[in-house]
A.B. asks: 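I'd like to ask some things about the structure below.
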Amino acid sequence: MSSTTVKAPSRSSSFTKFLANNGALVGLVVLCIALFIATPDFLTGRNLLNIGIQVSTVAVLAFGVTFVIVAGGIDLSVGSVAALSAMVSGWFFATAGLPGWLALVGGLVAGLATGVVNGLASAYGKLPSFIATLAMLSVARGLTLVLSDGKPVPTSPPGVVPRQ
């Protein structure tokens, strides 16, 4: 009978494995600590709420794209379609004079329509999703530019002068 000894994993290898599995989280914690040291206002409730509000749009878009990636596809047009939907809503509200809820529905319909076109091009047109969404990226970006005439669309209520 031979006796073999099993070596216990060293501390450095378990730490390396932890970093390999959680590198992004460790990087985020290190970055937060560094920013807190640089400016103590960083970890205040007001600033964290501000960061959360600014990140929320990207988080919602990323959540939706996650399903596309898990299904084995790719969608390059997400940002441009989001901009087009927002511009359609803003244009309906500011230029066409529709009520806010109806302008919001118009933006959602614009996003839905671009998604349907992407889906039809991939499913029935047999285009790879990379190509279909790359084309939609250009189309949505162009339509956004045409709708806005290259300028911001003011959405403040009548009589309120927006800050310049």
A.B. asks: Please tell me if the side chains of S85 and V81 come closer than 4.5 Å, counting only heavy atoms from C-beta onward.
C.D. replies: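 Side chain of S85 against side chain of V81, heavy atoms only: contact under 4.5 Å found.
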A.B. asks: Is V26 close to L19 at the side-chain level, that is, under 4.5 Å between some pair of heavy atoms?
C.D. replies: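 With C-beta onward as the side chain, the pair touches.
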A.B. asks: Roughly how far, to the nearest 0.5 Å, is the CE atom of M87 from the CG atom of L145?
C.D. replies: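 Answer for the CG-CE pair, L145 versus M87, is 9.0 Å.
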A.B. asks: Please tell me whether L98 and V105 are part of a single hydrophobic cluster in this structure, the criterion being side-chain heavy atoms less than 4.5 Å apart.
C.D. replies: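 Yes; V105 is reachable from L98 via cluster members.
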A.B. asks: Donor-acceptor pair, distance only, cut-off 3.5 Å: does the side chain of T95 make one with the backbone of F92?
C.D. replies: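 Flag not set: sc T95 to bb F92 has no pair under 3.5 Å.
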A.B. asks: Any chance the side chains of N118 and S129 put a donor and an acceptor closer than 3.5 Å?
C.D. replies: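 No - no donor-acceptor pair under 3.5 Å links their side chains.
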A.B. asks: Kindly indicate whether the side chain of L108, heavy atoms from C-beta on, has any atom under 4.5 Å from the side chain of L112.
C.D. replies: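 Sidechains of L112 and L108: no contact.
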A.B. asks: Is there a side-chain contact between N21 and K17 in this structure, where contact means two heavy atoms from C-beta onward sitting under 4.5 Å apart?
C.D. replies: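 N21 reaches K17 side chain to side chain.
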A.B. asks: Are any side-chain N or O atoms of D75 and backbone N or O atoms of V65, one a donor and one an acceptor, separated by less than 3.5 Å?
C.D. replies: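 Pair absent, no side-chain N/O of D75 close to backbone of V65.
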A.B. asks: Roughly how far apart are S80 OG and L137 CG, rounded to 0.5 Å?
C.D. replies: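 If we round to the nearest 0.5 Å, S80:OG and L137:CG are 3.5 Å apart.
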A.B. asks: Using a 4.5 Å cut-off on heavy atoms from C-beta on, say whether the side chain of P99 contacts that of L102.
C.D. replies: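 Side chain of L102 against side chain of P99, heavy atoms only: contact under 4.5 Å found.
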A.B. asks: Group every Ile, Leu, Val, Met, Phe, Trp and Tyr by side-chain heavy-atom contacts under 4.5 Å, then state whether L61 and I74 land in the same group.
C.D. replies: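 No, separate clusters.
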A.B. asks: Does S122 use its side chain to pair, donor to acceptor, with the backbone of G119 at less than 3.5 Å?
C.D. replies: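 No, the answer is negative, given that no donor and acceptor are paired below the 3.5 Å cut-off.
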A.B. asks: Under the side-chain contact (heavy atoms from CB on, under 4.5 Å) criterion, do C32 and F42 qualify, and how do the steps go?
C.D. replies: CA-CA 8 Å; C32 285; F42 179 72; 4.0 Å; yes
A.B. asks: Do N47 and T44 touch side chain to side chain, with heavy atoms closer than 4.5 Å?
C.D. replies: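 The answer is yes; the side chains approach within 4.5 Å.
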A.B. asks: Going only through I, L, V, M, F, W and Y residues with side-chain contacts under 4.5 Å, is there a path from I53 to L43?
C.D. replies: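 Unlinked, I53 and L43 end up in two clusters.
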A.B. asks: Side-chain heavy atoms under 4.5 angstrom apart, residues restricted to Ile, Leu, Val, Met, Phe, Trp, Tyr: same cluster for M136 and I131?
C.D. replies: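 No, M136 and I131 fall in different hydrophobic clusters.
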A.B. asks: Does the side-chain contact (heavy atoms from CB on, under 4.5 Å) test come out yes or no for L84 and L147, once each step is laid out?
C.D. replies: CA-CA 9 Å; L84 175 64; L147 273 178; 4.3 Å; yes
A.B. asks: Say whether, by atom type as modelled, one donor and one acceptor occur between the side chain of T133 and the main chain of L76 under 3.5 angstrom.
C.D. replies: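 The answer is yes, because a donor-acceptor pair under 3.5 Å joins these two groups.
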A.B. asks: For a 4.5 angstrom cut-off between non-hydrogen side-chain atoms, does V88 reach F93?
C.D. replies: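 No; the side chains remain at least 4.5 Å from each other.
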A.B. asks: Checking T114 side chain against G111 main chain: does a donor-acceptor pair fall under 3.5 Å?
C.D. replies: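 Yes; at least one donor-acceptor contact below 3.5 Å.
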A.B. asks: In terms of hydrophobic clusters joined by side-chain contacts under 4.5 Å, are L134 and V139 together?
C.D. replies: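 L134 and V139: separate clusters.
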